[in-house]
Number of protein chains: 2
Amino acid sequence: MKKKLTIKGIAEMAGVSSATVSKVLNNTGRYSEETKQTILDLVKEHDYRPNAVAKSLRTRKSKTIGAIVPDITNEFFSRIVLAIENYCGELGYSVFICNSNESEEKELQYFKELELKGVDGLIYLSASDELFQMKTQRIPIVCIDRMPKFHNVAIITSDNFQGGMLAAERLIEKGCKNLLLVRDYRDGFPTIERVRGFEHVLRKHGLEFGEERTIKVEVGITQAKSAVDHYLQTYHKENALKFDGIFATTDWLAFGAKQALEGYGVNIPEQVKIIGYDNISLAQYTSLSSINQDKESLGKLAAERLIQMIEQETDVPSQMLTLPVELVERDSTR
Amino acid sequence: MKKKLTIKGIAEMAGVSSATVSKVLNNTGRYSEETKQTILDLVKEHDYRPNAVAKSLRTRKSKTIGAIVPDITNEFFSRIVLAIENYCGELGYSVFICNSNESEEKELQYFKELELKGVDGLIYLSASDELFQMKTQRIPIVCIDRMPKFHNVAIITSDNFQGGMLAAERLIEKGCKNLLLVRDYRDGFPTIERVRGFEHVLRKHGLEFGEERTIKVEVGITQAKSAVDHYLQTYHKENALKFDGIFATTDWLAFGAKQALEGYGVNIPEQVKIIGYDNISLAQYTSLSSINQDKESLGKLAAERLIQMIEQETDVPSQMLTLPVELVERDSTR
DNA sequence: GTGAAAGCGCTAACAG
DNA sequence: CTGTTAGCGCTTTCAC
């Protein structure tokens, strides 16, 4: 087991000091073209690569960021994460991915852990609105789809209000008169906006509805089944088809609703039309119309913004960027 | 912006040297109960936490591992990754997640990058069999579902041969006479085993089939559609239903096959029965029978094994652990 | 029981 | 243009 090659080793071989090697490796300071070549050759020959930990300790930069995600198992999130990782990878950043499972406690714990491990920045994804109040927040943060109450974070979100509007408009356009809203039981910021947009259009058309037209169900892959059950129950109680259109704030929810309806022999889209949200492949492959969020851009923009903040070292004012959404029509509303 | 608190700061406050503080923080060396208390109180009061980078540089341990994954967007992988992360989190390890996109080049690149960032170990997940030959492999590695050709790595895999057998047995048991195999176009280790198991049972029952009964299609979420198309084409050419049972080496493939059949008005399971592989939620929600792999155990065991290897610092011989699989029956074979 | 000192591998002044 | 020096924050002998 030969000894690990360090910058000093290269320096000795090249007959210069480690400082000089450091300079050519970082394109900083000055050095002659000649020594540069000698060093570069040596580096290549021995496949020397500088120890990132030492560098990190010295420079207080780790080329590492953290991403805190509610559930990587959910395609909506994993696609955002993938986009983040791809963009970061190109720029030499690595990313720690942490599953918070929506728990604030875990988020905080991860935050501390990541800070210690020296991440240069953090991306928070979450449907939840609440966000810890870090007094000593020294690293840049960008949030996706959440609206923290403190400053010095950038925010990337997609136009949830618009998404809700699009859904309502299409349903009404297709002749639906009695709409049903299937939503997450929690009131995360994105959900609230979607619902607001949806209701806004309903009102514009003189349609109104109260709680009894809104079903709040569990959300998440593991709970999708219970969503269906809950839905079935409610439907059963009503004992008659009281609606002809459904807007679900998630594709999984839409899928649950669809299965429940099919279980009762209801025809889609003839009797009931359905629109989901996120446009994950589940929607694509089960022919569910859905509001598409540009997951790739969401991730890429967040990473781009974060790295900007990291590398400029300048306190940018809290900014917000909103991406457009679009309706992807499939069989469930045709 | 107050100065960051270091071990020296605590030492000064406590009126001792940094060495002593280090000792109590790491339960190492000796110190009096009294100084221990003073220090611990100070630590708590100021919420001091030692800088992980410095510690890492000094000790050559980072409490960090890397996980190289083909595609985190694929639920099969993301669930394994989640299990890894959960287990590691409990033990204070963080994990870098890297998407290789099945590219060997990227794998190698990530490998080097991670090594530099000082990860203590690595987990490789992949359907691909080929694995780079690292001469200078200094950190422990565990592989999930791949069989590298060099030593000093632990291997966790699930019983793919058995999975193939289970599928064939059930299909035959249900009265299928002409089986079709839909498989990945690449010959990754897990696929090969599944096919071997499947064919083994066929032979036992005097059923034989050649290439014309085997469709090789693309795989992966983004290519699922093209799998369907490819399949449709082939089916179309045959111009008649030449089979009554399908075994697909992936749930996505099974789903593609199902959609193709439905597009042609073929009844499932009356005319054709289908069994997929992996048992991801897609299978669950589209009522596809599937061979279940215990994704949570796969991830947990891999992480457990890796951390053992890391902390024991002893060269364990190359080991292999095979997990059992089971058939989950749903409508597609009932 | 405790501290002084050395040093992990690298970079950033500052001299020369 | 290049080298010396002085750490980054922590752990670890080895003296006392």
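Since the model is a prediction, treat every value here as computed from it, not as a measurement. Just so it is clear: chains get the letters A, B, ... in the order the sequence lines come, proteins before strands, and each one is counted from 1.
- The CZ-C1' distance, from Arg30(A) to dC14(C), rounds to 13 Å in whole Å.
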Enumerate, atom names and distances included, each donor-acceptor pair closer than 3.5 Å involving a side-chain atom of residues 77-97 of chain B, sequence neighbours excluded.
from: Ser78(B); atom 1: OG; to: Glu75(B); atom 2: O; distance (Å): 3.3
from: Arg79(B); atom 1: NE; to: Glu296(B); atom 2: OE2; distance (Å): 3.1
from: Arg79(B); atom 1: NH1; to: Glu75(B); atom 2: OE2; distance (Å): 3.1
from: Arg79(B); atom 1: NH2; to: Glu296(B); atom 2: OE1; distance (Å): 3.4
from: Arg79(B); atom 1: NH2; to: Glu296(B); atom 2: OE2; distance (Å): 3.4
from: Glu85(B); atom 1: OE1; to: Asn99(A); atom 2: N; distance (Å): 2.8
from: Glu85(B); atom 1: OE1; to: Asn99(A); atom 2: ND2; distance (Å): 2.8
from: Glu85(B); atom 1: OE2; to: Tyr110(A); atom 2: OH; distance (Å): 2.4
from: Tyr93(B); atom 1: OH; to: Glu311(B); atom 2: OE2; distance (Å): 2.7
from: Ser94(B); atom 1: OG; to: Glu113(A); atom 2: OE2; distance (Å): 2.8
from: Ser94(B); atom 1: OG; to: Lys117(A); atom 2: NZ; distance (Å): 2.9

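- Shortest non-hydrogen contact noted between Asn160(A) and Thr157(A) is ND2-OG1, 3.8 Å.
- For Ile144(B) against Ala302(B), the heavy-atom pair with the smallest separation is CD1-CB, 3.5 Å.
- The minimum heavy-atom distance linking Ile310(A) with Asp120(A) is given by the pair CG1-O, 3.4 Å.
- Rounded to whole Å, the distance from CZ on Arg60(B) to C1' on dG9(D) is 16 Å.
- Taking the side-chain hydrogen bond (donor to acceptor under 3.5 Å, both in side chains) definition, one finds that Thr35(A) meets it with Ser32(A), sequence neighbours left out.
- OP1 or OP2 of dT11(D) has at least one side-chain nitrogen or oxygen of Ser22(B) nearer than 4.0 Å.
- Atom CG of Leu57(A) and atom C1' of dA12(C) are 14 Å apart (whole Å).
- When every heavy atom of Phe189(A) is checked against every heavy atom of Asp145(A), the shortest pair comes out as CD2-O, 3.9 Å.
- For Ser297(B), the side-chain hydrogen bond (donor to acceptor under 3.5 Å, both in side chains) partners two or more places apart in sequence, or in a different chain, are Asp294(B).
- Of all heavy-atom pairs between Leu298(A) and Phe76(A), the closest is CD2-CZ, 4.4 Å.
- Partners of Ser18(A) by side chain to side chain contact (heavy atoms under 4.5 Å, CB included), not counting sequence neighbours, listed by chain and number: Ile7(A), Ala11(A).
- Scored by the salt bridge (charged side-chain N to carboxylate O under 4.0 Å, His left out) test, Lys300(A) finds Glu304(A) as partners (sequence neighbours excluded).
- Contacts between residues 7-16 of chain A and DNA chain D, defined by a heavy-atom separation below 4.0 Å, involve Gly15(A), Val16(A), listed by number.
- The distance from atom CG of Leu321(B) to atom CG of Leu323(B), rounded to the nearest 0.5 Å, is 5.5 Å.
- A heavy atom closer than 4.0 Å to some atom of DNA chain D occurs in no member of residues 31-44 of chain B.
- Within the 4.5 Å cutoff, the side chain of Leu114(B) has heavy atoms near those of the Ile68(B) side chain.
- In this structure, NZ of Lys55(B) is placed 13 Å from C1' of dT12(D), rounded to the nearest angstrom.
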Return a table of donor-acceptor pairs under 3.5 angstrom between the side chains of residues 39-55 of chain A and protein atoms on other chains or two or more places apart.
from: Asn51(A); atom 1: OD1; to: Val53(A); atom 2: N; distance (Å): 2.7
from: Asn51(A); atom 1: OD1; to: Ala54(A); atom 2: N; distance (Å): 2.9
from: Lys55(A); atom 1: NZ; to: Asn26(A); atom 2: OD1; distance (Å): 3.3

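- With rounding to whole Å, Leu5(B) atom CG is found 15 Å from dC8(D) atom C1'.
- Within the 4.5 Å cutoff, the side chain of Val142(A) has no heavy atoms near those of the Tyr124(A) side chain.
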Dump the pairs, protein N or O against N or O of nucleotides 4-7 of chain D, anything under 3.5 Å, distances to one decimal.
from: dG7(D); atom 1: N2; to: Arg58(A); atom 2: NE; distance (Å): 3.3
from: dG7(D); atom 1: N2; to: Arg58(A); atom 2: NH1; distance (Å): 2.7
from: dG7(D); atom 1: N3; to: Arg58(A); atom 2: NH1; distance (Å): 3.3

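- Between the two ends of the helix from dG1(C)-dC16(D) to dG16(C)-dC1(D), each summarised by a five-pair axis, the helix axis turns through 40° (rounded to 10 degrees).
- For DNA chain C, the residues of residues 47-54 of chain A within the heavy-atom distance limit of 4.0 Å (strictly under) are Tyr48(A), Pro50(A), Asn51(A), Ala54(A), sorted by number.
- Within 4.0 Å (heavy atoms only), Thr59(B) reaches sugar-phosphate atoms of the nucleic acid but no base atom.
- In this structure Glu12(B) satisfies the salt bridge (charged side-chain N to carboxylate O under 4.0 Å, His left out) test with no other residue, sequence neighbours excluded.
- Taken to the nearest 0.5 Å, the CG atom of Leu125(B) stands 11.5 Å off from the CD1 atom of Ile156(B).
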